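Residue numbers count from 1 along this sequence. Please read all numbers here as calculations on a predicted model, not as lab measurements.
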Amino acid sequence: MTKRSPFRYFKTSPEIIRLAVMLYVRFPLSLRNVEDLLHERGIDVSHETVRFWWNRFGPMFAAEIRRTRVSRIRCYSNWQWHLDEVFVKINGELHYLWRVVDHEGEVLESYVKKRRDRKAALKFLKKTMKRHGKAEVLVTDKLRSYGAAMKVVGNVAKQETGRWKNNRAENSHLPFRRRESAMIRFRRMRTLQKFVSVHASVFNHFNQERSLSQRGHFKMNRTAALAEWRGLCAA
């Protein structure tokens, strides 16, 4: 059975839609910034069209990227996770963005909750383990909710805490913080959850660890990532 193209009812070409979504999610740009950049390239679209495109196709692109990466990274034998939570305000109300990052900087999971108690930590751990399997080491801060949740899932012996051990997770928050500033905060919990899921997958896809690789390897990996992006959701 032939797979139907998700672009079949759109007059705009899939290449332009993929470009608009990539610009908005990957870089700290507003909707109107993306509209201006496309206009400079001779593409006349409204910022509301860009909003519709990322809402419609962003989760599709993220799901396709996630499928290929999850099947590849589940086989790691020395997998190390770094768990941390970020304070995020939605309409002036404090929320917590729980995030898991592996030892190579891949953002595995993002989860928005109003609390950071044992119940929230346990649900977050179970959700991550169901999708990505189990890790050999789980590095956290000294929040007691992590320890209580580890006892339930049986990972107490794998938990590590330390003053600088969780720097990998702390540094991984920076791209999200830049994106949050460009969007002038979030207004709904559901919108935040949707965006961070898409943003994490796109960040993983284009994150090449530029400072840790030679220039030639970086250019090859960047070209391969762009070619793979241009083929997402192709019929």
Side-chain angles (χ1 to χ4, degrees), residues 26 62 65-89 94-181 186 189 192-193 195-213 218 221:
R26 182 184 177 189
I65 293 172
R66 194 182 301 115
R67 270 195 302 271
T68 58
R69 300 184 82 86
V70 167
S71 61
R72 191 163 59 238
I73 61 183
R74 281 180 70 98
C75 61
Y76 288 174
S77 59
N78 59 339
W79 213 4
Q80 179 172 308
W81 291 356
H82 296 260
L83 291 77
D84 196 24
E85 67 283 344
V86 183
F87 300 90
V88 183
K89 281 191 175 182
L94 191 63
H95 290 69
Y96 301 96
L97 175 60
W98 300 74
R99 301 172 79 248
V100 178
V101 183
D102 71 359
H103 58 282
E104 293 185 346
E106 295 275 334
V107 182
L108 304 180
E109 202 70 46
S110 301
Y111 188 52
V112 184
K113 291 293 289 183
K114 289 185 177 181
R115 300 180 181 275
R116 56 172 183 166
D117 53 8
R118 184 186 71 90
K119 184 178 179 181
L122 181 60
K123 190 171 183 179
F124 178 53
L125 274 174
K126 287 183 175 179
K127 180 181 179 182
T128 307
M129 292 169 63
K130 181 179 180 181
R131 174 175 288 175
H132 300 279
K134 296 182 179 180
E136 291 297 317
V137 179
L138 293 99
V139 182
T140 69
D141 54 23
K142 295 184 179 181
L143 181 67
R144 294 183 179 179
S145 302
Y146 288 120
M150 297 288 183
K151 291 180 182 179
V152 178
V153 298
N155 284 341
V156 177
K158 298 181 178 180
Q159 183 183 10
E160 293 184 3
T161 58
R163 187 175 181 181
W164 292 290
K165 284 187 175 182
N166 215 20
N167 283 351
R168 170 67 76 175
E170 296 290 346
N171 293 333
S172 73
H173 298 327
L174 297 178
F176 168 74
R177 286 301 191 193
R178 288 193 291 266
R179 201 65 193 81
E180 180 190 25
S181 177
F186 295 90
M189 185 173 172
L192 173 59
Q193 180 64 70
F195 184 83
V196 294
S197 299
V198 176
H199 181 265
S201 295
V202 175
F203 174 79
N204 292 339
H205 184 73
F206 289 102
N207 181 27
Q208 305 297 334
E209 295 288 346
R210 183 186 302 230
S211 60
L212 302 179
S213 59
F218 166 72
N221 292 334

Checking the side chain of [X] only, and the main-chain atoms of [Y] only, is there a donor and an acceptor separated by less than 3.5 Å?
X: K142; Y: T161; result: no
X: Q193; Y: S110; result: yes
X: N207; Y: F203; result: no

(request) Take R168 and Q80 through the side chain to side chain contact (heavy atoms under 4.5 Å, CB included) test and state the conclusion after the steps. (result) CA-CA 11 Å; R168 170 67 76 175; Q80 179 172 308; over 6 Å; no
Rounded distance [0.5 Å steps], [atom1] in [X] versus [atom2] in [Y]:
X: H103; Y: E136; atom1: NE2; atom2: CD; value: 11.0 Å
X: L122; Y: K127; atom1: CG; atom2: NZ; value: 13.5 Å
X: F87; Y: R177; atom1: CZ; atom2: CZ; value: 9.0 Å
X: H82; Y: K165; atom1: NE2; atom2: NZ; value: 10.0 Å
X: E109; Y: H132; atom1: CD; atom2: NE2; value: 4.5 Å
X: L108; Y: N204; atom1: CG; atom2: CG; value: 7.5 Å

(request) Not counting sequence neighbours, list each pair that qualifies as a side-chain hydrogen bond (donor to acceptor under 3.5 Å, both in side chains) and has a residue in residues 113-125. (result) E85-R116, Y111-K123
Give me the atom names and distance for the closest heavy-atom approach of [X] to [Y].
X: A62; Y: S197; answer: CB-O, 4.3 Å
X: T128; Y: F124; answer: OG1-O, 2.9 Å
X: N166; Y: V139; answer: OD1-O, 3.5 Å
X: A169; Y: D84; answer: CB-CB, 3.8 Å
X: L125; Y: A149; answer: CD1-CB, 3.8 Å
X: W81; Y: G133; answer: CH2-O, 3.2 Å

(message) Considering only residues two or more places apart or on different chains, which pairs with a residue in residues 155-181 satisfy ring pair (Phe, Tyr, Trp, His ring centres under 6.0 Å)?
(response) none
(request) Please assess M129 against N155 for the test side chain to side chain contact (heavy atoms under 4.5 Å, CB included), listing each intermediate value before the final yes or no. (result) CA-CA 11 Å; M129 292 169 63; N155 284 341; 3.8 Å; yes
